[in-house]
Amino acid sequence: MSIPVKLEVFEGPLDLLLHLIEKNKVNIYDIPIVEITEQYLDYIKEMESKDLEIMSGFLVMAATLLNIKSRMLLPQEETEEEEVVDPRQELVDRLLEYKMFKYISEELKDKQWDASKVLYKPPTIPPEISDYKEEVKVEDLLSDLTLSKLHHIFNSVVKKQMDKIDPIRSKFGKIEKEEINLSEKFLQIQEYGIAHRKFSFRNLLESQHSRMEVIVTFLSVLELIKIGRIRIEQECLFDDIHITYLADDIIQMEEVGF
Amino acid sequence: MEIKQVEAQIEAILFTLGEAVELERIAGAVDHDLETTKKILHNMMDRYSSEERGIQLIELEGAYQLCTKPSMYETIIKITNIPKRHVLTDVLLETLSIIAYKQPITKQQIEAIRGVKSDHSVNKLVEYNLVQEVGRLDAPGRPILFGTTEEFLRYFGLQTLEDLPVMDQEKLVDFKQEAEEEVQLRLDI
Amino acid sequence: MEIKQVEAQIEAILFTLGEAVELERIAGAVDHDLETTKKILHNMMDRYSSEERGIQLIELEGAYQLCTKPSMYETIIKITNIPKRHVLTDVLLETLSIIAYKQPITKQQIEAIRGVKSDHSVNKLVEYNLVQEVGRLDAPGRPILFGTTEEFLRYFGLQTLEDLPVMDQEKLVDFKQEAEEEVQLRLDI
């Protein structure tokens with residue numbers, strides 16, 4: 001299939017498709033899908049459009065044609081009751097609708113020409129009349145509004161709003177950013193250690209306010225064990241852990257490279 | 001060309017231009033000499049005035065113009081004063097109901113409920129004197145708070161805002177449940 | 001009051017206002033019921049068109065307006081410059097005809113029919129006052145619904161939307177036949 005040197009400009013993918021069908025002089029209901037698809041792809045290749053949006057529209061149509069083509073190549077599945085639908089049917093419907101509007105717009109174009117010969121006169125209202133500004137009376141404005149109607153309107157607004165809320169997701173808690181300072185916690189535990197000397201690990205964790213704090217506290221305890229500032233004892237598995245603070249001073253986190 | 005046809009042309013010219021048009025220009029357009037054109041114009045003037053017409057043809061120092069007859073003045077005042085029927089559109093009603101029940105409320109809060117920009121509606125309601133500014137919210141930007149007017153209360157024969165029909169809690173619970181059931185239904189599928 | 005007098009009043013009103021005036025407003029100004037006023041208006045319309053007048057009375061969806069007769073165009077352009085109308089490209093005409101027939105319609109629905117993005121066309125049509133927003137669809141995002149304006153009717157010389165060229169099933173059958181004949185033609189060669 002040879003491509004004309006000068007490509008015509010098409011409104012969109014449907015326009016191009018219509019052109020191809022008309023050029024091949026075939027019935028719209030009986031599109032030779034294989035041929036048309038090939039010609040269609042050839043055109044797109046020649047278009048070299050830089051506009052992604054325009055191009056994508058044409059590509060979607062090409063994909064649709066290929067899809068129909070492949071469906072037509074596959075053997076039809078036999079069904080007992082269902083009528084076998086021609087894969088081209090949807091495309092045909094769209095094309096016919098599009099063709100119809102092309103026809104109508106041609107008709108409108110003619111009408112536009114006739115109508116342009118009719119001329120109108122600008123308003124010539126004396127200023128003292130046109131300056132008069134009518135007052136809007138509340139009585140007229142609200143003439144058929146009753147309290148119960150207003151109430152009903154509000155109810156439906158609220159209902160509409162409720163419908164918009166996803167009750168499942170809206171039950172999820174909010175994710176809040178917690179500011180837990182690791183070095184502060186590190187110092188706090190040591191201060192607590194100097195003050196109490198021996199204390200319960202369980203109590204220490206339980207006095208924390210959030211999961212994040214518990215984690216930071218646990219990390220700090222591990223670090224203090226590692227640098228030998230505390231000693232821990234546990235008598236049985238799952239028992240509470242007893243912590244003994246060994247040092248007499250407090251060390252900054254930066255000093256231990258924690 | 002027939003005289004009638006020329007008269008029609010002159011009428012169309014004067015109608016379109018609206019202003020006074022010099023005899024020379026008219027004559028040129030209808031392709032007749034000044035004498036003939038003037039005669040036609042004067043014939044037209046007579047006819048406009050004798051017939052029961054609302055417009056007349058007047059001469060102003062060699063120029064001609066169409067205008068209404070003085071006797072029509074009363075009617076014209078009447079038409080320009082006949083109020084176009086103002087009605088509250090659904091959008092305005094929706095906004096009004098929100099303001100009535102949630103007042104004092106800011107534009108932003110109204111928009112949050114309606115899901116669309118509401119400047120126009122609120123402004124119209126203020127213009128109609130159904131809604132007014134009632135203060136400012138103590139928040140960044142100090143947004144205006146809106147509420148209903150006395151006019152609004154008077155119209156509905158309400159003493160205070162508390163007399164508005166209540167949106168009961170039960171109803172709210174119902175709405176919530178409905179919404180939840182709908183979602184559940186979708187999830188089950 | 002005599003009918004002739006009412007006709008004079010209506011003529012004066014329409015002449016002064018220039019624009020299309022709703023039947024209700026006219027009836028209110030001349031103090032007659034809608035039925036009677038409408039009858040008088042239609043009588044006037046007949047008379048304007050049959051006599052050799054340069055102006056005519058047209059109806060636009062229940063509103064009435066005076067304008068020149070198309071046959072006067074040649075004469076009028078001799079005397080005055082008529083502002084050029086916007087040239088509607090084929091793309092705009094295509095979009096406009098979809099809106100005219102499918103109104104109210106959203107941009108997305110227009111795009112589904114045309115197969116291409118239509119923002120630009122719709123915006124241009126709104127700018128030309130041929131198309132306007134007529135509401136919002138009660139669907140997610142509350143998309144804007146578009147419809148045609150009164151100017152649209154004037155622009156195409158239509159009285160009502162019902163005067164739009166019809167595109168019925170018959171026409172579709174014609175199209176089909178045309179196509180078939182074309183195929184036949186080729187086979188014959």
Side-chain angles (χ1 to χ4, degrees), chain B residues 1-19 21-22 24-32 44 47-56 66-85 89-91 94 114-117 120, chain C residues 1-19 21-22 24-31 44 47-49 51-56 63 66-83 133-144:
Chain B
M1 195 187 285
E2 220 189 312
I3 295 282
K4 283 254 172 206
Q5 189 59 24
V6 178
E7 289 184 353
Q9 289 177 342
I10 292 173
E11 184 178 57
I13 288 169
L14 296 180
F15 174 83
T16 311
L17 295 183
E19 59 193 16
V21 188
E22 295 79 28
E24 292 77 13
R25 285 178 73 199
I26 299 172
V30 298
D31 227 359
H32 277 73
M44 286 173 77
R47 208 133 33 74
Y48 271 110
S49 66
S50 69
E51 280 173 33
E52 303 241 1
R53 296 283 305 260
I55 50 179
Q56 60 178 344
L66 281 178
C67 63
T68 54
K69 287 184 181 166
S71 57
M72 294 295 132
Y73 195 72
E74 292 302 315
T75 310
I76 292 162
I77 288 186
K78 222 166 160 189
I79 187 96
T80 47
N81 287 2
I82 286 177
K84 291 179 192 149
R85 210 176 116 68
T89 59
D90 289 349
V91 175
E94 198 178 290
R114 294 190 52 224
V116 280
K117 272 268 173 206
H120 178 77
Chain C
M1 195 188 287
E2 218 189 314
I3 296 282
K4 282 260 171 203
Q5 188 59 23
V6 177
E7 290 186 354
Q9 288 179 341
I10 293 174
E11 186 177 57
I13 287 167
L14 297 180
F15 177 84
T16 307
L17 297 189
E19 60 196 13
V21 188
E22 296 81 27
E24 291 78 10
R25 287 180 73 201
I26 299 173
V30 300
D31 230 358
M44 288 174 74
R47 209 130 34 71
Y48 271 109
S49 67
E51 281 173 31
E52 303 243 0
R53 296 284 306 258
I55 52 178
Q56 59 178 340
L66 284 177
C67 62
T68 61
K69 287 184 180 166
S71 56
M72 295 294 129
Y73 187 76
E74 295 305 322
T75 309
I76 297 167
I77 52 170
K78 270 197 220 162
I79 200 164
T80 185
N81 285 324
I82 289 152
E133 294 186 24
V134 294
R136 284 178 181 266
L137 189 68
D138 205 2
R142 313 238 317 153
I144 299 168

> Relative to chain C, which segment of B/Ile10 carries a heavy atom at a distance below 4.5 Å: side chain, backbone, both, or neither?
neither
> Looking only at non-hydrogen atoms, find the nearest pair between C/Gln56 and C/Pro70 and report the distance.
NE2-CD, 3.7 Å
> Locate the shortest heavy-atom distance separating B/Arg114 from B/Val91; write the atom from each residue and the value.
NH2-CG1, 3.2 Å
> Check whether C/Arg53 gets within reach of chain B through its side chain, its backbone, both or neither, counting any heavy atom under 4.5 Å.
both
> For each of C/Ile77, C/Ile55, C/Thr80, C/Thr68, tally heavy-atom pairs with chain B at distances under 4.5 Å, and name the one with the top tally.
C/Ile55
> Within a 6.0 Å radius of atom NZ on C/Lys78, are there more than 12 heavy atoms belonging to other residues, nucleotides or ligands?
yes
> Which answer fits C/Leu17, side chain, backbone, both or neither, if we ask what part of it has an atom under 4.5 Å from a heavy atom of chain B?
side chain
> For a quick test of reading the model, state the closest non-hydrogen atom pair linking B/Ala12 to C/Ile76 and the distance between them.
CB-CD1, 3.8 Å
